[in-house]
Structures are given as structure tokens and as C-alpha cells.
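The chains referred to below are lettered A, B, ... by the order of the sequence lines, with proteins before strands, and numbering in each begins at 1.
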Amino acid sequence: ETGVTQTPRHLVMGMTNKKSLKCEQHLGHNAMYWYKQSAKKPLELMFVYSLEERVENNSVPSRFSPECPNSSHLFLHLHTLQPEDSALYLCASSQDLKTGSYEQYFGPGTRLTVT
Amino acid sequence: KNQVEQSPQSLIILEGKNCTLQCNYTVSPFSNLRWYKQDTGRGPVSLTIMTFSENTKSNGRYTATLDADTKQSSLHITASQLSDSASYICVVSVGTGFQKLVFGTGTRLLVSP
């Protein structure tokens with residue numbers, strides 16, 4: 001295990017539902033990330049948080065709303081999603097944001113299906 | 001435009017055989033290059049990370065090479081095992097300060113008995 005956990009592992013939701021994805025890291029890291037992984041596409045960075053402050057929003061639609069209440073927890077709130085939002089959502093953490101040999105540790109992901 | 005391209009898209013090899021996966025990148029400024037292994041339904045796990053000055057790094061049966069002049073990297077897997085079946089993703093870190101990662105689409109490897 002990488003020290004990053006995600007719940008739920010699988011989620012099926014209708015387009016009118018509201019749900020939340022949860023990520024928790026047990027590594028004492030200061031930076032946390034949300035990625036989207038669609039079939040046959042590279043991982044897409046969605047949001048970056050450093051010390052609970054959002055530092056990057058990669059042109060993500062407002063139907064995705066992140067929340068970082070503390071440096072160990074990260075949420076992704078979902079509402080009125082579209083079928084094309086179906087994907088694997090990965091959370092990651094790193095010691096901090098600086099480029100270098102700081103590793104990003106990924107959680108197992110939440111497989112989201114929007115019907 | 002920062003880009004990472006991998007080849008082949010998919011590969012099938014027999015257990016015990018060796019294989020080499022390729023990665024070409026066009027990013028600026030380059031910081032480091034990583035190879036990740038991603039099992040089906042799981043998150044990526046780091047195999048190696050190399051900076052500009054390193055041209056080879058090993059992790060058990062995995063050996064990564066980096067040619068910063070030609071902007072190419074390879075991942076060589078020796079004596080493959082069934083558990084090596086996974087996607088292998090090349091990732092390049094760009095810039096200084098904020099650690100921005102550019103991901104390739106991965107090579108899907110299947111090791112058959």
C-alpha cells in the first residue's frame with residue numbers, strides 16, 4: 001500500500017445525483033492532487049492543494065468541487081455530472097510542490113460511472 | 001507544447017523473456033523523468049526517477065535509461081514474470097518550483113505463461 005487511501009472504490013451515479021469522493025494520506029505530506037484517468041488518455045491533473053490551499057485548477061468544470069479541510073484529507077464533490085465524466089479518479093500526495101525528486105504517491109482510485 | 005509519447009501501445013511477451021518500452025518527450029524545462037507501473041484498477045506506483053544527469057537507474061528487474069540529448073527514455077524488463085502484466089507510464093516533470101507532471105498514455109504489457 002502507498003499510504004494513500006480512497007473511498008469509495010467504485011461509484012455509480014445518475015446525472016442528477018450529488019456524491020463525494022474521499023482521499024486520505026497517512027504520509028505527513030503537504031501537497032495533495034486530484035487526477036482524472038480516462039481510457040486511452042494520459043492522466044489529467046484536475047486540482048492541486050498545498051497546505052490546504054488550492055494552488056491549481058486545471059480548467060475543470062464547476063460540477064467538480066474540491067475541498068481540503070486539512071493536509072491529510074481531500075474531497076471531490078460531484079454534482080450534475082455527464083456520462084463523459086465516467087473515469088478513474090486518482091488522488092495523490094507528495095512531500096511538497098517543489099520540483100525535484102519528490103515522489104507522488106497515488107491512491108487506488110475511485111472508478112466512477114455516470115449513467 | 002509539453003508532450004510525452006510512448007511505444008508500443010501494447011505488448012505481449014512470454015514469461016521469462018525480456019522487453020523494452022520506449023518513451024519520447026518534448027518538454028521544457030525538463031526536471032526529471034519517472035516510470036510508473038499501474039496494475040489494472042489500481043493507482044500508479046513509482047519504479048524509477050531520473051534527473052538530467054542520470055542516464056541509467058535500476059530497480060530489481062527494471063532498468064530505465066535516459067538520453068537527455070535525444071529526449072528519449074526506455075524501460076527494460078528482464079526475465080519477465082506474470083506479475084509484470086500492467087500498464088507502464090512514462091512521466092516527465094516540468095519546470096522549477098511547482099512540480100508539474102506530464103504523463104504518457106502508457107504501454108500495456110501482458111506477460112503470458
Treat each ILVMFWY residue as a node, draw an edge where side-chain heavy atoms are under 4.5 Å apart, and state whether [X] and [Y] are in one component.
X        : Y        : value
Leu66(B) : Trp35(B) : yes
Phe64(A) : Leu45(A) : no
Val92(B) : Tyr88(B) : yes
Leu47(B) : Val4(B)  : yes
Val55(A) : Tyr33(A) : yes

- Message: For residues 75-90 of chain A, give me every residue with a non-hydrogen atom less than 4.5 Å from any non-hydrogen atom of chain B.
- Response: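 Against chain B, the residues of residues 75-90 of chain A that fall inside the cut-off (heavy atoms, under 4.5 Å) are Leu88(A), Leu90(A).
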- Determine the option with the most heavy-atom pairs under 4.5 angstrom with chain A, choosing from Ser87(B), Pro44(B), Gly43(B), Ser46(B).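 The candidate making the most pairs under 4.5 Å is Pro44(B).
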- Given a strict heavy-atom distance threshold of 4.5 Å, which part of Gln6(A) is in contact with chain B: side chain, backbone, both, or neither?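 For Gln6(A), no heavy atom lies under 4.5 Å from chain B.
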- Counting only heavy atoms closer than 4.5 Å, note whether Val4(A) contacts chain B via side chain, backbone, both or neither.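 Interface part for Val4(A): neither.
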- chain A contact residues among residues 102-113 of chain B, heavy-atom distance under 4.5 Å: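 The list, in residue order, reads Phe103(B), Gly104(B), Thr105(B).
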- Message: Report which part of Gln38(B) has an atom under 4.5 Å of a heavy atom belonging to chain A: side chain, backbone, both, or neither.
- Response: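 When you check distances to chain A, only side chain atoms of Gln38(B) fall under 4.5 Å.
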- Item | Which of Gln37(A), Lys41(A), Lys40(A) touches chain B most, by non-hydrogen pairs under 4.5 Å |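 Most heavy-atom pairs under 4.5 Å with chain B: Gln37(A).
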- Query: Considering all heavy atoms of both residues, which atom of Arg34(B) and which atom of Gln104(A) are nearest to each other, and what is their separation?
  - Reply: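 Between these two residues, the closest heavy atoms are NH1-N, 3.9 Å.
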- More than 12 heavy atoms of other groups within 6.0 Å of Lys19(A) NZ: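 It does not: Lys19(A) NZ has 12 such atoms or fewer within range.
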- Task: Using a 4.5 Å cut-off on heavy atoms from C-beta on, say whether the side chain of Leu43(A) contacts that of Val91(B).
- Result: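 Val91(B) vs Leu43(A): side chains apart.
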- Query: Does Gly41(B) offer a backbone N or O that forms a donor-acceptor pair with the side chain of Arg9(A) under 3.5 Å?
  - Reply: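 Yes, the answer is positive, given that a donor and an acceptor are paired below the 3.5 Å cut-off.
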